[in-house]
Q: 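Quick one: this structure, given as structure tokens, is what I'll be asking you about.
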Amino acid sequence: MAGEKKPKLMIVEDDAELTEMFTTMLGLYGYRVVAAHGVGAAITAIGREHPDAILLDVMMPDASGLDLCRYLRREPEWADLPIIVISARSRREDIETGLQAGATAYLTKPLDMNKLLEMLRKHVGS
């Protein structure tokens, strides 16, 4: 619809090429995308950007993405923010740990883009 605000996604990922790919692909599906390269940058950017959802990598050089997930779940302003973990860690224990940390959903790499789009439509629309 004309004038309808597109959902804003924040990608928290340390791999610049992967970030660029997500940004391009999700933009084609009507999402506005901002990126934070690491957990520290994400904590600063979330308050400034007010994303509708976060796509979160687990393994980053400055801290675990799951630490960010736990932090956000403790903050009343962000407690209900959809957080979709996207990780190369694909064992059942890894997925359970991610969900226990507060992830809304846990997807594994290599990523099935259709599954990601399905999760985004379910949790933020578009």
Side-chain angles (χ1 to χ4, degrees):
M1 284 183 196
E4 185 175 319
K5 191 172 121 180
K6 296 177 183 179
K8 183 189 286 188
L9 307 177
M10 177 175 287
I11 298 172
V12 182
E13 168 68 63
D14 63 319
D15 182 322
E17 288 181 19
L18 203 50
T19 300
E20 186 176 329
M21 181 203 68
F22 280 132
T23 301
T24 300
M25 292 187 73
L26 292 167
L28 294 172
Y29 287 96
Y31 294 97
R32 296 177 296 147
V33 181
V34 295
H37 299 286
V39 171
I43 289 171
T44 302
I46 289 167
R48 180 181 65 241
E49 296 290 344
H50 297 279
D52 296 303
I54 293 178
L55 305 181
L56 179 63
D57 187 19
V58 172
M59 296 180 287
M60 287 182 278
D62 60 343
S64 167
L66 297 183
D67 290 336
L68 175 61
C69 193
R70 290 180 190 100
Y71 167 78
L72 293 172
R73 292 300 179 230
R74 289 190 305 264
E75 296 297 313
E77 183 177 3
W78 307 114
D80 297 325
L81 180 67
I83 300 172
I84 300 172
V85 169
I86 300 172
S87 179
R89 293 185 171 191
S90 59
R91 296 179 326 193
R92 184 169 46 167
E93 298 84 27
D94 297 321
I95 295 168
E96 288 173 3
T97 299
L99 295 173
Q100 288 169 356
T104 307
Y106 191 110
L107 302 175
T108 58
K109 296 176 184 175
L111 182 63
D112 179 334
M113 195 65 176
N114 289 324
K115 284 185 181 179
L116 175 58
L117 291 169
E118 179 184 324
M119 287 293 118
L120 290 172
R121 281 191 293 273
K122 179 179 179 181
H123 296 289
V124 297
S126 194

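Quantities reported herein were computed from a predicted structural model and do not represent experimental measurements. All residue numbers refer to positions in the sequence shown, counting from 1.
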Q: Is there a path of hydrophobic side-chain contacts, each under 4.5 Å between heavy atoms of I/L/V/M/F/W/Y residues, joining Met59 to Ile11?
A: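 Looking at the clustering, Met59 is in a separate group from Ile11.
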
Q: Are the side chain of Arg73 and the backbone N or O of Leu81 linked by a donor-acceptor pair below 3.5 Å?
A: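 Confirmed, Arg73 side chain pairs with Leu81 backbone.
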
Q: Is any side-chain heavy atom of Arg121 less than 4.5 Å from a side-chain heavy atom of Tyr29?
A: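 With C-beta onward as the side chain, the pair stays apart.
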
Q: Report the C-alpha separation of Val58 and Ser64 in whole Å, then their side-chain angles, then the decisive distance to 0.1 Å, and conclude whether the side-chain contact (heavy atoms from CB on, under 4.5 Å) test is met.
A: CA-CA 5 Å; Val58 172; Ser64 167; 4.0 Å; yes

Q: What's the separation between atom CG in Leu28 and atom CE in Met113, rounded to the nearest 0.5 Å?
A: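 Reported value, rounded in 0.5 Å steps: 8.5 Å.
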
Q: Is there side-chain contact between Tyr106 and Asp94, with heavy atoms separated by less than 4.5 Å?
A: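 With C-beta onward as the side chain, the pair touches.
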
Q: Run the side-chain contact (heavy atoms from CB on, under 4.5 Å) check on Phe22 and Leu111 step by step: do they pass?
A: CA-CA 10 Å; Phe22 280 132; Leu111 182 63; 3.1 Å; yes

Q: Would you name the heavy atoms of Cys69 and Ala103 that are closest together and state the gap between them?
A: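 Taking Cys69 first and Ala103 second, the nearest heavy atoms are SG-N, 3.4 Å.
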
Q: Are Lys109 and Glu13 ion-paired here, with the side-chain N under 4.0 Å from a carboxylate O?
A: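 The answer is yes: the pair qualifies as a salt bridge.
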
Q: CD of Glu75 to CZ of Arg70: how many Å apart, nearest 0.5 Å?
A: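 One finds 15.0 Å between CD of Glu75 and CZ of Arg70.
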
Q: Flag yes if Val85 and Leu18 sit in one hydrophobic cluster, no otherwise; membership is Ile, Leu, Val, Met, Phe, Trp, Tyr, and two members link when side-chain heavy atoms are under 4.5 Å apart.
A: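 Different clusters: Val85 never reaches Leu18 through Ile, Leu, Val, Met, Phe, Trp or Tyr contacts under 4.5 Å.
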
Q: A quick test of your reading: do over 12 heavy atoms of other residues, nucleotides or ligands sit less than 6.0 Å from CZ of Arg89?
A: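 Check fails, neighbour count at 12 or below.
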
Q: Transitively linked via ILVMFWY side-chain contacts under 4.5 Å: Val124 with Met25?
A: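 Val124 and Met25: one cluster.
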
Q: So does Gly40 get a backbone contact from the side chain of Asp62, meaning a donor-acceptor N/O pair under 3.5 Å?
A: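 Pair found, side chain donor or acceptor close to backbone of Gly40.
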
Q: Could you walk me through whether Leu55 and Leu26 pass the side-chain contact (heavy atoms from CB on, under 4.5 Å) test, one step at a time?
A: CA-CA 11 Å; Leu55 305 181; Leu26 292 167; 3.5 Å; yes

Q: Can you tell me if Asp52 uses its side chain to pair, donor with acceptor, with the backbone of Lys8 under 3.5 Å?
A: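 Present.
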
Q: Do other residues, nucleotides or ligands put more than 12 heavy atoms under 6.0 Å from Glu20 CD?
A: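 Counting other residues, nucleotides and ligands, CD of Glu20 stays at 12 neighbours or fewer.
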
Q: For the residue pair Thr23 and Met21, establish whether any side-chain heavy-atom pair is separated by less than 4.5 Å.
A: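 No, their side chains stay 4.5 Å or more apart.
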
Q: Once rounded to the nearest 0.5 Å, what's the spacing between atom CG of Leu66 and atom CG of Leu99?
A: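 Those atoms lie 9.5 Å apart.
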
Q: Apply side-chain contact (heavy atoms from CB on, under 4.5 Å) to Glu17 and Thr19, showing your working.
A: CA-CA 5 Å; Glu17 288 181 19; Thr19 300; over 6 Å; no

Q: Give a yes or no on whether the backbone of Lys6 and the side-chain of Arg32 come within a donor-acceptor separation of less than 3.5 Å.
A: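 A pair under 3.5 Å: yes.
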
Q: Specify the closest pair of heavy atoms between Ala63 and Val39, including all atoms of both residues, with the distance to one decimal.
A: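 Of all heavy-atom pairs spanning Ala63 and Val39, the closest is O-CG2, 3.6 Å.
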
Q: Locate the shortest heavy-atom distance separating Gly30 from Pro7; write the atom from each residue and the value.
A: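 Here Gly30 and Pro7 meet closest at O-CD, 4.2 Å.
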
Q: Supply the atom-to-atom distance Asp112 CG to Glu118 CD, rounded to the nearest 0.5 angstrom.
A: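 Between atom CG of Asp112 and atom CD of Glu118 there are 9.0 Å.
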
Q: Of the non-hydrogen atoms in Ala105 and Met119, which two are nearest, and what is the gap between them?
A: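 Looks like CB-SD, 3.5 Å.
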
Q: If you look at every heavy atom in Ser87 and Asp57, which pair is closest and at what distance?
A: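 The answer is CA-OD1, 4.2 Å.
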
Q: Please report the shortest heavy-atom distance between Ile46 and Pro51, naming the atom on each side.
A: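 Looking at all heavy atoms of both residues, the closest pair is O-CD, 3.7 Å.
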
Q: More than 12 foreign heavy atoms under 6.0 Å from CD of Glu93: is that the case here?
A: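 Counting neighbours around CD of Glu93, more than 12 heavy atoms of other residues, nucleotides or ligands fall under 6.0 Å, so yes.
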
Q: Answer yes if Leu56 and Ile84 sit in the same cluster of Ile, Leu, Val, Met, Phe, Trp and Tyr residues linked by side chain heavy atoms under 4.5 Å apart, and no otherwise.
A: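 Hydrophobic grouping puts Leu56 apart from Ile84.
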
Q: To the nearest 0.5 Å, tell me how far Asp15 CG sits from Met60 CE.
A: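 Between atom CG of Asp15 and atom CE of Met60 there are 11.5 Å.
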
Q: Between Leu9 and Ile83, is there shared hydrophobic-cluster membership here, with clusters defined by ILVMFWY side-chain heavy atoms closer than 4.5 Å?
A: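 The answer is no; the residues belong to distinct hydrophobic clusters.
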
